[in-house]
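This report refers to the structure that appears directly beneath it.
This one's a predicted model, so the numbers in the text were calculated from it and none came from an experiment. Heavy-atom basis, side chains included; hydrogens, waters and symmetry copies ignored.
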Amino acid sequence: MKKTMAQALVEFLKVQRVARDGRQQPFFAGCFGIFGHGNVAGVGEALQENPDFRYYQARNEQSMVHSAIGYAKMKNRLGTLACTSSIGPGATNMVTGAATATINRLPVLLLPGDIFSNRKVAPVLQQLEAPWSHDVSVNDCFRPVSTYWDRINRPDQLVPALMETMRVLTSPASTGAVTLCLPQDVQTEAYDYPASLFEPRVWDIPRARPDAGLLQRAAAWIRASQRPLIVAGGGVLYSEASATLQAFVEATGIPVSETKAGKGALPHDHSQVLGAVGFSGGTAANFVAHEADLIIGIGTRYTDFTTASKTQFQNPNVRFININVAELDAYKHAALPLQGDAKVVLEELAEAVVGYRVPTAFTAQVDFWRAEWIAETDSQRAATDAIPLRQGHVIGVVNDFARPEDVVVCAAGSLPGDLHKLWRTAQPGGFHLEYGYSCMGYEIAGGIGAKMAAPEREVYVMVGDGSYLMMAQELVTALQEGIKINVVLLDNHGWGSIRALSTDVGADGWGTQYRYRNGSSGQLDGDTIPLDLAANAEGLGMNVIRADTADDLQEALEDARDADRSTLIAVDVSADDGVPTYESWWDVPVSEVSTLAGVQASRERYAEAVKNERPLI
């Protein structure tokens, strides 16, 4: 069938399906795009020819990738969107999104326009010229942040590239950003493609099973343990293993802690859920982790927030069992690796440890720490008459108002840590946090993607003023598409998270507040800049409500739920009254020499704290 390369690409994408456990669904929900000379006559024309493959108009190339990521995350990696851009800055705007997808192991397909393959008119507009090669463009920047990368220099090269694209995107172990660079001349060139390329194709998502010998050894380790702890990561949710995990822990009595990606793996009110673990964790999970003799990591990457920079697990005899579909993660911390799908591994492990139960004394300790932590979170979420409101209080009001099936979305600043500690998640998918890359600007775009994937669930985007200022323009996309999201904008007039960190390292919050330059000092320590971000949102067409008190916020949430379009609720919050850390530490190096007294004192504390880091090998 004679088609242009771009036409063949679009017609292939729209008939791809995935299947797991006998359930089939389309893999691509459409294509986000911004057009320029590098793709308007190729992919743009092909999308126009195929109105049954929906085109979504974005305002920024990075944010459209974030929306695709949000969609993929909400779909448990069983669906995504494509994203197309022109050559040059449009393409490189997507590099940050590509890194966000790959680090979080979430599938997205990026289709940046590229330079002319025939090279006759080079250098074309926006082309990077390299003196060592003609076969290079800015799209080579995607190589290190893509799980598969290719440049289609001839129309016939598209066929094998598409097969590899789908293999990688649908692989539970290898998924991430896939980048197909599309030279603008080749996009428009025709080729006689095989008809079979455009027939519906189903990609089965396997549930890999672990090695039988390693499984039995893991069972023996569990039976020998006195103080085991599960660290539930995102892999539990992507595998849809929540019910299996619940059955496993109820049979064994093993308590469960949660990473940011794994929060909601079990309901917050389950008697064995200790909540957040690590640097942004709470007392219950962190005290148990500190003394645990066995850590069972399920679908976790063990980032430094989860391990508290490898200070969290202090039992000298601690051992690790890692259940993970990815070999890279299964072997971390010299673990006994159970490489496979979380759901089926847990099923087999449950059979292998039938009859095992944690000691009664340990269960009593778990119950005690869990009750203590619930009381602490109640205190941090509790209402006060203070104005501005505390961030923990705002989280509590929104969480209490939200229904069990509703979704909170966040990514960067101090909010992720506070949400990890305080948000009480009732159902899988209800806690949607991008924290692999903690990319400022993800929140609104990611919330759009989450709502696209789950239109029946109310979505609450919680975003700080710093992240809002970086990428608020996708509010227009939400309004254009009738995608209803509720944005709760918490304004502390600066980069609150980094201000707190700057204070911890002795720098006194330098350079982290939105202040005018002081003519006397020459520094940014003048009056606070009177930004009105609510007025900005109004100008973009949003329904906007300002809330100063807890009662205001409650009424605003009610109005937002009843509204027929997206709403932004603007809330001023205190910059100095945050949620504390609990029995944990994060390695942020402090200057070894400094003229600043605060830095000198912080360095002394740092030198002592770093001694607790363990190699875990």
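- In this structure, Tyr302 has its ring center closer than 6.0 angstrom to the ring center of His333.
- Between Ala547 and Ile569, the shortest heavy-atom distance links the atoms CB-CG2, 4.1 Å.
- Looking only at side-chain heavy atoms (C-beta outward), Gln380 and Pro580 come within less than 4.5 Å of each other.
- Checking Asp559, Asp532, Asp491 one by one against Arg546, the salt bridge (charged side-chain N to carboxylate O under 4.0 Å, His left out) holds for a single residue, Asp532.
- Contact detail for Cys83 and Met64: the closest heavy-atom pair is SG-O, 3.6 Å.
- Checked for salt-bridge contact, Asp504 and Arg605 miss the test: no charged N lies under 4.0 Å from a carboxylate O.
- Using a 4.0 Å cut-off between a side-chain N of Lys or Arg and a carboxylate O of Asp or Glu, Arg381 and Asp418 do not qualify as a salt bridge.
- Under the 3.5 Å distance criterion, the side-chain polar atoms of Asn399 are left unmatched by any main-chain donor or acceptor of Ile395.
- The existence of a salt bridge linking Asp367 and Arg370 is excluded, since no basic side-chain nitrogen approaches an acidic carboxylate oxygen closer than 4.0 Å.
- In this structure, the ring of Tyr582 has its center no less than 6.0 angstrom from the ring center of Phe287.
- Results of the salt bridge (charged side-chain N to carboxylate O under 4.0 Å, His left out) test with Arg424 over Asp269, Asp400, Asp378, Asp406 single out Asp378 as the only residue that passes.
- The ring of Phe305 has its center closer than 6.0 angstrom to the ring center of Trp586.
- The ring of Tyr514 has its center no closer than 6.0 angstrom to the ring center of His493.
- The existence of a salt bridge linking Lys421 and Glu376 is excluded, since no basic side-chain nitrogen approaches an acidic carboxylate oxygen closer than 4.0 Å.
- In this structure, Trp495 and Gly511 approach most closely via the heavy-atom pair CZ3-O, 3.6 Å.
- One N or O on the side chain of Asn486 and one on the backbone of Val459 form a donor-acceptor pair closer than 3.5 Å.
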